[in-house]
Amino acid sequence: MISAVCFVPAGRSDPRPSRYDKTRASAPPPAPPSPSSAAPPPAGPSASAASADLMGLPADLRMDTYDDEVVEPSILGGSAMIGTSLGEDGIPVEDKGEMDGEESEEEEEAEAEEAEVAEAEAAMEGALPEGALPSGAAGAAAEDSGSGSDSDSDSGLSDDEFDPMGDDDREYDELDVEALTASMAGGNDARQLDSDEEDSDSDDEDTNLQPTDVLCLAAHASPTDDFSNLQVYVYEPPTGNLYVHHDITLPSFPLCCAWGDVDEAGEAGSFVAVGTFDKGIEVWNLDVLSPLEPSFVLGGEDMASFEKIAREHVEGGGKKKIAWSQQQHQPLLAGSHTDAVMCMDWNKVHRQVLASGSADCTVKVWDVTSPSAPAATMTHHKDKVSALAFHQTEATILASGGFDRQVCVVDCRTPDGAARRGKTSADVEAVAWDPSHPERLVAAGEDGRVDCWDIRNMGAKLWSFEGSAYGVADIAFNSAVDGMLATANVDKSVGIWDVRGAAPAQVFNKDMQVGKLHTVSFYESQKMLLGCGGAGGQLGIWELDSEKSIVDTWGGVRDTVGDRVEREPKGEVDFEAEMKKEQDKAAKNARAAAEGNKGGKGGAGKKGGKKGGKKKAAKAGK
């Protein structure tokens with residue numbers, strides 16, 4: 001099922017989204033201090049403790065030595081130099097030789113051997129003709145080859161004399177790269193490289209966004225397999241194509257979502273806040289195709305405190321018991337909701353402000369640039385808060401509705417102030433401000449009634465109508481068209497209403513064929529595009545200008561999104577009707593064939609009769 005739908009305004013998302021969120025990559029660990037900057041080892045009984053701090057482990061657990069002698073880590077500046085021999089003064093032997101400017105005996109012997117070998121080679125080159133071997137060398141070579149020794153036959157040196165790090169004077173044939181490429185023997189074939197580049201370009205083309213693409217977010221959940229995600233759809237108005245661009249896995253059943261363009265650092269981007277049955281509000285970056293975690297979280301569980309409790313339990317050998325309440329309910333961050341987050345709205349004027357309503361009967365206002373705690377908490381509802389909406393121009397005015405059958409209007413600057421209240425006949429499902437009349441607030445109830453108030457006088461309703469006898473789950477105003485209101489009905493249909501007059505009138509009602517509807521939203525960057533979702537788990541898109549009655553009611557208003565190609569009519573296929581059509585067609589063809597065969601036989605008989613008559617007439621003439 002789809003529990004919430006919202007659109008991303010045009011041009012607010014990155015047209016070339018990244019695969020991963022590189023900005024949240026962990027910083028590299030600090031480099032260990034150099035030996036020269038290391039502090040001297042502390043004296044006294046505290047030396048072992050200091051060693052444990054520097055190395056991160058006690059001396060008897062470290063694995064940086066190969067003998068029984070313990071090396072003091074403070075000499076190495078806290079870094080383990082595995083396999084390095086140390087002198088009596090603690091300085092590595094190799095470094096000490098370089099520092100003193102002296103050469104070890106092994107190095108002197110190696111240099112002497114290299115000099116002797118060079119003199120012998122020079123003497124051989126000057127005394128013997130090319131290709132000849134010195135006296136005794138041929139026999140030694142044959143003996144070596146016959147005995148199967150491991151000496152280097154190319155260099156003529158024994159195992160003791162061969163230097164693997166020396167210069168290699170052997171000759172090799174040049175590698176014929178072109179031949180290998182032509183025979184496909186090489187691993188990096190040019191054609192293969194071109195194919196890889198084409199595949200990479202193709203992937204980029206699949207994920208890149210076009211200027212006419214419409215991004216729609218759908219909070220999707222599957223009650224059967226307990227899987228929830230946020231699906232990012234792309235709709236292409238010129239062709240009518242709709243597909244899932246990417247999705248974000250959610251940890252819990254989503255109840256609501258809201259789009260915003262500011263993160264916790266105050267930087268602009270494209271983000272979505274998701275409210276779930278968990279107490280926290282996760283904010284995800286929509287410009288990342290495969291995010292591993294949310295950009296930040298508002299409220300929720302205090303994992304640090306719970307880990308501290310668990311660590312104390314483990315360190316105590318399991319003797320310190322964890323209370324049952326702590327096992328079932330992890331501690332929450334300060335100011336967090338204590339129950340499911342049911343509704344949200346992101347302020348369009350103060351773009352860092354987000355409001356949330358919860359089943360804990362509270363409304364919280366968050367500054368996303370200070371996510372540690374809410375800026376304000378309001379308790380003017382007596383039951384679950386199910387609907388929220390900021391005023392489109394007076395950005396501090398917030399409307400809310402709840403299961404206490406009340407609609408409230410508060411000023412967030414005075415959260416403790418009195419709220420203006422209006423009563424409804426059932427639990428409130430949604431609230432919305434009329435963009436053409438800033439003083440009007442509209443609410444939809446569970447019983448299908450849609451009511452309107454002038455917030456200056458909440459005691460009396462301006463108008464009221466029944467959107468659906470089965471109930472109205474959501475409402476939305478079209479900000480681009482005066483007086484156009486949409487209702488998402490439980491009877492699987494979307495109703496379009498004209499509320500410009502004193503008595504609202506229904507203009508059109510359409511079965512969206514996506515199950516019982518839960519949510520509806522207009523795309524603010526176009527005039528006549530609507531999205532909805534419900535129990536069927538599919539996103540429904542409706543181009544309102546395809547209906548003549550809607551276009552005529554609002555004076556020929558249409559969307560100009562480029563030339564639309566000819567498209568087949570949308571909707572589910574009635575397979576039974578299609579099969580009946582095919583059967584009728586086959587039966588008709590069979591009848592036509594039978595009549596044709598019958599007519600052919602009759603014609604032949606008549607023709608034969610005529611021929612017979614002519615023959616008889618001829619005989620009679622004779």
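- A side-chain donor from one of T393 and H391 sits under 3.5 Å from a side-chain acceptor of the other.
- Pairing each heavy atom of C412 with each of V365, the nearest pair is SG-CG2, 4.0 Å.
- The environment of R449 atom CZ is dense: over 12 non-hydrogen atoms of other residues, nucleotides or ligands sit within 6.0 angstrom.
- Looking at S436, its side chain never comes within 3.5 Å of a backbone N or O of D482 through a donor-acceptor pair.
- Taking the side chain as every heavy atom from C-beta outward, R12 and W259 approach each other to under 4.5 Å.
- A donor-acceptor contact shorter than 3.5 Å is absent between the side chain of D367 and the backbone of A375.
- For the pair C452/V442, a side-chain contact is recorded, criterion being any heavy-atom separation below 4.5 Å from C-beta on.
- In this structure a side-chain-to-backbone donor-acceptor pair under 3.5 Å is present from S336 to G300.
- Here R421 contributes atom CZ and M458 contributes atom CE; the two are 10.0 Å apart, rounded to the nearest 0.5 Å.
- Residues W497 and F465 place their aromatic rings such that the two centres sit under 6.0 Å apart.
- With contacts defined as side-chain heavy-atom distances shorter than 4.5 Å, the pair D474/V5 does not qualify.
- Between W453 and K423 the shortest heavy-atom distance is CZ2-O, 3.4 Å.
- Atom CG of D226 sits in a sparse spot, with 12 or fewer heavy atoms from other residues, nucleotides or ligands closer than 6.0 Å.
- Across all their heavy atoms, A473 and A430 have their closest contact at O-CB, 4.4 Å.
- Shown are I550, V507, V499, D498; of these, the side-chain contact (heavy atoms from CB on, under 4.5 Å) with M484 is made only by I550.
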Q) Stepwise, does the side chain to side chain contact (heavy atoms under 4.5 Å, CB included) test hold for L250 with W284? A) CA-CA 10 Å; L250 301 176; W284 296 84; 3.8 Å; yes
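- The NZ atom of K492 lies 13.5 Å from the CE atom of M512; values are rounded to the nearest 0.5 Å.
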Q: Test side chain to side chain contact (heavy atoms under 4.5 Å, CB included) on K527 and D545 and set out the steps.
A: CA-CA 9 Å; K527 297 179 180 179; D545 54 1; over 6 Å; no
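- Between the SG atom in C361 and the NZ atom in K382 there is a gap of 11.0 Å [rounded to 0.5 Å].
- For the residue pair A221 and F253, the shortest heavy atom distance occurs at CB-CE1, 3.4 Å.
- One finds a salt bridge joining R405 and D427 here, because a Lys/Arg side-chain nitrogen approaches an Asp/Glu carboxylate oxygen to under 4.0 Å.
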**Q.** Derivation and outcome, side chain to side chain contact (heavy atoms under 4.5 Å, CB included), residues Y523 and I541
**A.** CA-CA 10 Å; Y523 182 44; I541 298 293; over 6 Å; no
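- Separation of atoms CG (L462) and CG (D454) is listed at 5.5 Å; rounding is to 0.5 Å.
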Q | Criterion side chain to side chain contact (heavy atoms under 4.5 Å, CB included) on V431 and S400, from CA distance to verdict | A | CA-CA 7 Å; V431 295; S400 61; over 6 Å; no
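- Side-chain N or O atoms of W433 include none that pairs as donor or acceptor with a backbone N or O of Q392 at under 3.5 Å.
- Checking side-chain atoms of N347 against main-chain N and O of V353 turns up no donor-acceptor pair under 3.5 Å.
- Distance alone, capped at 3.5 Å, places no donor-acceptor pair between the S270 side chain and the D287 backbone.
- Looking only at side-chain heavy atoms (C-beta outward), R440 and F477 stay at 4.5 Å or farther from each other.
- Distance check, rounded to the nearest 0.5 Å: CG of D447 to OG of S425 gives 3.5 Å.
- The backbone N or O of D491 sits nowhere less than 3.5 Å from a side-chain atom of N489 that would complete a donor-acceptor pair.
- To the nearest 0.5 Å, atom CG of residue L255 and atom NE2 of residue H518 are 11.0 Å apart.
- The closest side-chain donor-acceptor pair between E543 and S546, if any, does not fall under 3.5 angstrom.
- Counting only distance, with no hydrogens or angles, the side chain of T369 and the backbone of E264 share no donor-acceptor pair below 3.5 Å.
- A donor-acceptor pair under 3.5 Å is formed between the side chain of K364 and the backbone N or O of G335.
- Between P9 and E524, the closest heavy-atom pair is CG-OE2, 3.4 Å.
- Side-chain contact between T487 and S468: absent, with no pair of heavy atoms (C-beta onward) separated by less than 4.5 Å.
- Counting only heavy atoms from C-beta outward, the side chains of H380 and Q406 never approach each other to under 4.5 Å.
- The closest side-chain donor-acceptor pair between D263 and S295, if any, does not fall under 3.5 angstrom.
- Put simply, the side chain of H337 reaches to within 4.5 Å of the side chain of T362, judged on heavy atoms.
- K461 NZ: more than 12 foreign heavy atoms inside a 6.0 Å radius.
- Between L209 and H245, the closest side-chain pair of non-hydrogen atoms falls below 4.5 Å.
- The closest donor-acceptor contact from the side chain of W346 to the backbone of R351 lies under 3.5 Å.
- Between H381 and G402, the shortest heavy-atom contact is CE1-N, 3.7 Å.
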